[in-house]
Amino acid sequence: MLDLRYIREHAAEVKANCEARRVPCDIDALLKLAAERAALITEVQEIQRQQNEVAKLTKQAKSDDERSKIIQQGRELKQLFESKNARADEIDSETKELLKGIPNLTHPDAPRGEENVTVREVGQRPRFDSKPLDHVAICDRLGLADFESAAKVTGSNFYYLKGDGVLLEQALINYALRTLVNEGFTPVTTPDLARASILEGTGYIPRGAETQIYTVANTDLCLIATAEITLAGMYADEIIEVDDLPIRLAGLSHCFRTEAGAAGRATKGLYRVHQFTKVEMFEFTTPDQSEATHQRMLAIEEKIFQGLEVPYRVIDTSISDMGGPAYRKYDLEAWMPGRGDAGEWGEVTSTSNCTDYQARRLGIRYKGKGFKGTRFVHMLNGTAIACGRAMIAVLENHQQSDGTVRVPAALVPFMGKEVIGKQG
RNA sequence: GGACGGGUGGCAGAGCGGCUGAUUGCACCGGUCUUGAAAACCGGAGUUCCCGAAAGGGAAUCGUGGGUUCAAAUCCCACCCCGUCCGCCA
């Protein structure tokens with residue numbers, strides 16, 4: 001959510017921003033409504049002032065006669081208040097609705113065009129003597145996953161992991177957590193569910209036809225799409241001492257996505273699934289630190305994939321392609337040799353600087369010396385490891401001609417073996 | 001799931017229909033004193049919104065949402081949360 005005052009004072013900028021982001025927003029309508037709201041509030045408050053005055057007069061009344069006259073006056077004011085106030089409430093919630101629909105501002109250097117920008121490509125793509133297998137075939141051959149049983153039990157786009165598949169996932173989680181702890185993050189396991197209001201605060205939309213979110217019947221709980229939601233929610237309505245910032249959390253959770261509208265798009269195997277496990281970086285910071293923090297998160301993501309010996313490229317996401325809360329977003333796309341005819345890039349991480357957009361909705365502020373009152377924190381998130389997709393990258397890049405998979409050195413201590421698919 | 005008790009400002013903790021945006025203590029900020037600090041004393045201070053160029057004025061806010069009343073932190077209802085006891089249970 002943006003500050004209404006900011007929108008009023010920078011209407012042209014906000015309009016241009018919405019346009020560039022391809023988010024249809026009627027700023028003029030919003031401002032008109034907001035003006036109407038202000039006028040109504042003034043009116044309502046004047047009535048309330050009179051009500052307060054009348055209430056005071058009541059107890060000062062000298063005779064019963066005078067008293068009942070004043071009370072009658074109070075009754076009339078009350079009726080007037082009720083009718084005016086109902087309208088004011090209506091306009092107020094309409095204003096908030098419109099306000100919620102306006103996306104965050106964007107970093108001046110973020111790509112503006114239709115296309116995302118590849119910032120750099122890192123690592124050598126592996127060479128294979130024959131056509132490499134895709135991860136589904138590798139999983140089948142080595143007994144790492146079972147998609148057929150999952151289809152019976154939960155339907156399409158679920159999976160069981162088995163054998164070394166389980167060990168590989170756990171190794172990836174522990175490798176990511178260890179890396180983040182070394183970077184000063186506090187590991188946190190979070191609930192896999194959250195209230196709809198928390199989802200909304202983070203910018204997710206729990207209801208509606210296009211929603212990516214599962215809801216739990218007869219409750220106001222949703223299955224989370226990422227630990228970003230629960231980590232952000234931890235500090236909802238809190239005021240943080242500036243000396244306690246930054247707060248760096250490494251969240252471990254399951255993630256659930258309905259993938260509505262994704263039918264037919266790369267749905268095979270582990271790439272697009274309804275449930276996966278993810279280690280997520282999350283940071284609350286002061287505004288002056290958020291850009292540096294964003295760069296650092298990106299660097300950590302790169303370090304993790306370098307450790308996995310997986311070639312990747314860094315994508316600076318076009319603002320026409322970013323989610324509403326993001327001010328700037330980088331993705332890592334890993335090389336997946338088994339995808340398509342000759343390998344393809346596949347998104348494996350994403351890091352966003354959401355500035356104060358989520359903080360304003362969730363009421364997360366900080367206070368400190370040198371300034372009066374409180375300010376909104378900046379909030380950033382980034383994927384450390386999304387298990388399914390990281391597994392694809394590892395399995396497809398490190399497959400060997402004998403059908404086994406080499407475990408990258410960084411994972412060996414966590415995996416307890418150097419090769420997947422060999423006895424022992 | 002059942003029975004109680006409770007949710008008040010940054011924290012602690014009074015108030016239990018009008019004089020209370022709220023006593024008090026701690027913490028906080030400014031000042032006096034001091035070589036400096038501590039102590040003591042004096043003063044200041046919540047948040048959001050509306051009007052206003054500003055000075056300033058006004059409204060709301062005592063878990064959340066409704067209700068009763070001329071008037072509610074205080075009474076009633078629903079919900080959420082937090083304690084304690086009982087039952088059930090990995």
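Letters A, B, ... are given to chains in the order of the sequence lines, protein chains preceding strands, and every chain is numbered from 1.
Mapping L4(A) and G74(A) onto RNA chain B via the closest heavy atom, the residue that lands nearer the 5' end is L4(A). Judged by closest nucleotide on RNA chain B, K56(A) is the one of K56(A) and D3(A) placed further toward the 5' end.
At a threshold of 4.0 Å, the pair E228(A)-K278(A) does not count as salt-bridged, since none of the basic side-chain nitrogens sits closer than that to a carboxylate oxygen. Ionic pairing of D92(A) and K96(A) is present here: one or more N-O contacts between side-chain nitrogen and carboxylate oxygen are shorter than 4.0 angstrom.
Comparing C28(B) with A12(B), their C1' atoms are spaced 15 Å from each other, to the whole Å. With both ends at atom C1', the span from G66(B) to A72(B) equals 14 Å, rounded to whole Å. Remark: the separation of the C1' atoms in C29(B) and G46(B) is 14 Å, to the nearest Å. Only the C1' atoms considered, G17(B) is 15 Å distant from C62(B), to the nearest whole Å. Spacing of P atoms, A37(B) relative to G63(B), comes out at 42 Å, to the nearest Å. For the P atom pair drawn from A22(B) and U47(B), the interatomic distance equals 15 Å after rounding to whole Å. Using atom C1' as the reference point in both G5(B) and A59(B), the two lie 35 Å apart (nearest Å). When the C1' atom is compared between G25(B) and C19(B), the two are found 24 Å apart, to the nearest whole Å.
Listed nucleotides: A59(B), C49(B), G18(B). Nearest to the side chain of A55(A): G18(B). Closest to the R195(A) side chain, of the nucleotides C50(B), A59(B), C80(B), is C80(B). With distances taken from any side-chain atom of V54(A) to the nucleotides C70(B), A60(B), G58(B), the minimum falls on C70(B). Each of C70(B), C51(B), C81(B) was ranked by its minimum atom distance to the side chain of T42(A); first place goes to C51(B). The A38(A) side chain lies nearest to C50(B) when the options are C50(B), C70(B), C49(B).
A 3.5 Å limit on both hydrogen-bonding distances identifies G67(B) as the Watson-Crick or G-U partner of C75(B). Across all strands shown, A39(B) has no partner, as no Watson-Crick or G-U wobble contact with both distances under 3.5 Å is found. Under the Watson-Crick or G-U wobble criterion, with both distances below 3.5 Å, A59(B) is paired with U48(B). Here A3(B) sits opposite U84(B) as a Watson-Crick or G-U wobble pair (both hydrogen-bonding atom distances under 3.5 Å).
Separating the CZ atom of R37(A) from the P atom of U48(B) is a distance of 14 Å, rounded to the nearest angstrom. Between the CZ atom of R75(A) and the C1' atom of U68(B) there is a distance of 12 Å, rounded to whole Å. Distance E76(A) CD to A71(B) C1': 16 Å, rounded to the nearest Å. Separating the CD atom of E46(A) from the C1' atom of G52(B) is a distance of 15 Å, rounded to the nearest angstrom. Regarding Q51(A), its CD atom lies at a distance of 13 Å from the P atom of U69(B), rounded to whole Å. The distance from atom CD1 of I239(A) to atom C1' of G46(B) is 9 Å, rounded to the nearest whole Å. Spacing between atom CZ of R8(A) and atom C1' of C49(B) amounts to 11 Å, rounded to whole angstrom units. Between F81(A) atom CZ and U69(B) atom C1' there is a gap of 14 Å when expressed in whole angstrom units.
When each of T355(A), N353(A), T285(A) is tested with S290(A) by the rule side-chain hydrogen bond (donor to acceptor under 3.5 Å, both in side chains), just one qualifies, namely N353(A).
Residue side chain R365(A) does not reach the base of G10(B) through any donor-acceptor N/O pair under 3.5 Å, judged by distance alone.
Of the side-chain N and O atoms in R49(A), none sit less than 4.0 angstrom from OP1 or OP2 of G58(B). Taking 4.0 angstrom as the limit, N52(A) places a side-chain polar atom (N or O) nearer than this to OP1 or OP2 of A60(B).
Annotation: side-chain contact (heavy atoms from CB on, under 4.5 Å) contacts of A110(A) (sequence neighbours excluded): H107(A), I319(A), R328(A).
Base contact: K78(A) has a heavy atom under 4.0 Å from a base atom. If you check every strand for non-hydrogen atoms under 4.0 Å, I70(A) touches nothing.
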Worked check of side chain to side chain donor-acceptor pair (under 3.5 Å) between Q50(A) and E46(A): CA-CA 6 Å; Q50(A) 288 175 27; E46(A) 171 56 21; 3.0 Å; yes
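Aromatic ring centroids of H294(A) and Y330(A) lie under 6.0 Å apart.
Around the CD atom of E13(A), the shell of radius 6.0 Å holds more than 12 heavy atoms that belong to other residues, nucleotides or ligands.
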